[in-house]
Amino acid sequence: MKRLPYTRQQKILEQLNSLDQYECLKIDDLARDFNVSNMTIYRDIEQLEKSGDALRVHGGVRPADRDLAESGESSSQGGPAILPAYHDSTIEERFSREIESKRAIAETAAGYVKDGDVIAIDPSTTTLCMCACLMDRKITVVTTSINVVLQFASSKTVSVILCGGTIRKSALSVVGPLVSETTSRIRVSKCFVSAAAFAYEQGLTDMTMEECEAKRQLMHGCREVYALLDHTKINQYAPFVVCSVRDINTIITDSRTGDSPEKSAILRRCADDGVSLVYAGAG
């Protein structure tokens, strides 16, 4: 017999409370145990995230860090701060923040793109800054960003594929299950993504589940994933998980990240796991 949503969520929470903080439950296992679809479990997890009891990770869910969720600040040991949930900034608001750092990071990232590449670009404002550096490249760009499409409209050499789906008006991006219909038919060599926050344990995180899922679809099957992160995003985490550290090949950040011992330590841990680190504007 299928349980009511509230009862099922309480059972999931009981299982989460029996785990260590960074252990997780698998979505597939929960769906099988409760005899429901994966999407039903995702909706349960969304409710548990709203209450601050859980944090979604790639393919699963783990217990939330209650101390950080309640304080909204870094721990006394320099741990990551959780961003306020459900504040979905418009693209205009995001574009005005740390614009010089974003441009430096984007210019460095563009240097990894070669003629003939098929690349994916997410709807972040940092990756949007890459477009000006790629106008004359002979490349194919797969994207969920309407702004990226418009940027390349005048290019004679860049082919653009816009994924299908539902429009998020605040971000001018495409989300929903139809995104995978496009990405599953294309072999992307390099994917460039950003997000609201990044920390070692929590990985790359963002403010909406739909946007995170769309970013994962862009990354799926990609040979090289580049995370573009200015210094303000490191040592924080948001409610929804895009990917873990192990899913990232290269992190490109600005030189100001090195001014913070805590942020530098996070990136050193990433490097120990095999992630390449690039500091835009350094030296």
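No experiment lies behind these values; they were computed from the predicted model shown. In this chain, residues are counted from 1 in sequence order.
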Identify the heavy atoms of Cys212 and Val241 that sit nearest to each other, and give their distance.
CB-O, 3.7 Å

For Asp136, does the CG atom have more than 12 heavy-atom neighbours from other residues, nucleotides or ligands under 6.0 Å away?
no

Non-hydrogen atoms of Leu204 and Phe198 that approach each other most closely:
N-CD1, 3.8 Å

Side chain proximity check, Ser124 to Val193, heavy atoms < 4.5 angstrom:
no

Taking it one step at a time, do Arg185 and Glu181 satisfy salt bridge (charged side-chain N to carboxylate O under 4.0 Å, His left out)?
CA-CA 7 Å; Arg185 300 171 190 272; Glu181 292 293 319; 3.7 Å; yes

For Glu224, give me all partners under side-chain hydrogen bond (donor to acceptor under 3.5 Å, both in side chains), at least two apart in sequence or on another chain.
Tyr226

For a 4.5 angstrom cut-off between non-hydrogen side-chain atoms, does Pro123 reach Asn147?
no

Decide side chain to side chain donor-acceptor pair (under 3.5 Å) for Gln10 and Glu14; before the verdict, give the C-alpha distance in whole Å, the side-chain angles of both, and the deciding distance to 0.1 Å.
CA-CA 6 Å; Gln10 291 305 302; Glu14 289 176 8; over 6 Å; no

So, Arg168 and Glu210, do they make that salt bridge, N to O below 4.0 Å?
no

Could you pull out all residues at least two apart from Thr257 that satisfy side-chain hydrogen bond (donor to acceptor under 3.5 Å, both in side chains)?
Thr253

Heavy-atom closest pair (Glu107 atom, Cys133 atom, distance to 0.1 Å) is CA-SG, 4.0 Å

Can you find a heavy atom in the side chain of Ile251 that is under 4.5 Å from one in the side chain of Val278?
no

Flag side-chain contact, heavy atom, 4.5 Å: Leu162 against Thr143
yes

Hey, which of Asn35, Asp29, Asp28 is the one that makes side chain to side chain donor-acceptor pair (under 3.5 Å) with Arg32?
Asp29

Any heavy-atom pair between the side chains of Gln15 and Leu30 that's under 4.5 Å?
yes

Mind listing the closest non-hydrogen atom pair of Leu128 and Gln151 along with its distance?
CD1-CG, 3.7 Å

With rounding to the nearest 0.5 angstrom, report the CD1 to CG distance, Ile121 to Leu134.
6.0 Å

If you take all heavy atoms of Ile139 and Lys114, which pair is closest and at what distance?
CG2-O, 3.4 Å

Lys233 side chain to Ala195 main-chain N or O, any donor-acceptor pair under 3.5 Å?
yes

Are there over 12 heavy-atom neighbours, none belonging to Met39, within less than 6.0 Å of that residue's CE?
no

To the nearest 0.5 Å, atom CZ of Arg43 lies from atom OG of Ser37 at 6.0 Å

Measure the spacing between NZ of Lys102 and CD of Glu100 and express it to the nearest 0.5 Å.
11.5 Å

Residue pair Gln47 / Ile12, side-chain heavy-atom distance below 4.5 Å:
no

Restricting to non-hydrogen atoms, name the atom on Leu16 and the atom on Ala54 that form the minimum distance, rounded to 0.1 Å.
CD1-CB, 3.7 Å

Tell me whether Thr205 contacts the main-chain N or O of Ala238 through its side chain, where contact means a donor paired with an acceptor under 3.5 Å.
yes

Output yes when a side-chain donor or acceptor of Ser145 lies under 3.5 Å from a complementary backbone atom of Asp122, and no otherwise.
no

Check: Val61 and Leu48 side chains under 4.5 Å, non-hydrogen atoms:
no

Is it true that Leu228 and Val188 fall in one hydrophobic cluster, defined by side-chain heavy atoms closer than 4.5 Å?
no

Can you name the ring pair (Phe, Tyr, Trp, His ring centres under 6.0 Å) partners of Tyr42, sequence neighbours left out?
none

Hey, could you give me the CG/NE2 distance between Asp247 and His220, rounded to the nearest 0.5 Å?
11.5 Å

Taking the basic N atoms (NZ, or NE/NH1/NH2) and the acidic carboxylate oxygens, is any pair closer than 4.0 Å for Arg269 and Asp272?
no

From Ile119 atom CD1 to Ser189 atom OG, the distance as rounded to the nearest 0.5 Å:
8.0 Å

Compare all side-chain heavy atoms of Val175 with those of Glu211 and state whether any distance is below 4.5 angstrom.
yes

Of Lys138, Lys190, Arg223, Arg187, which meets salt bridge (Lys or Arg N to Asp or Glu O under 4.0 Å) against Asp117?
Lys190

Is Asp254 reaching over with its side chain to a backbone N or O of Arg256, donor-acceptor style, under 3.5 angstrom?
yes

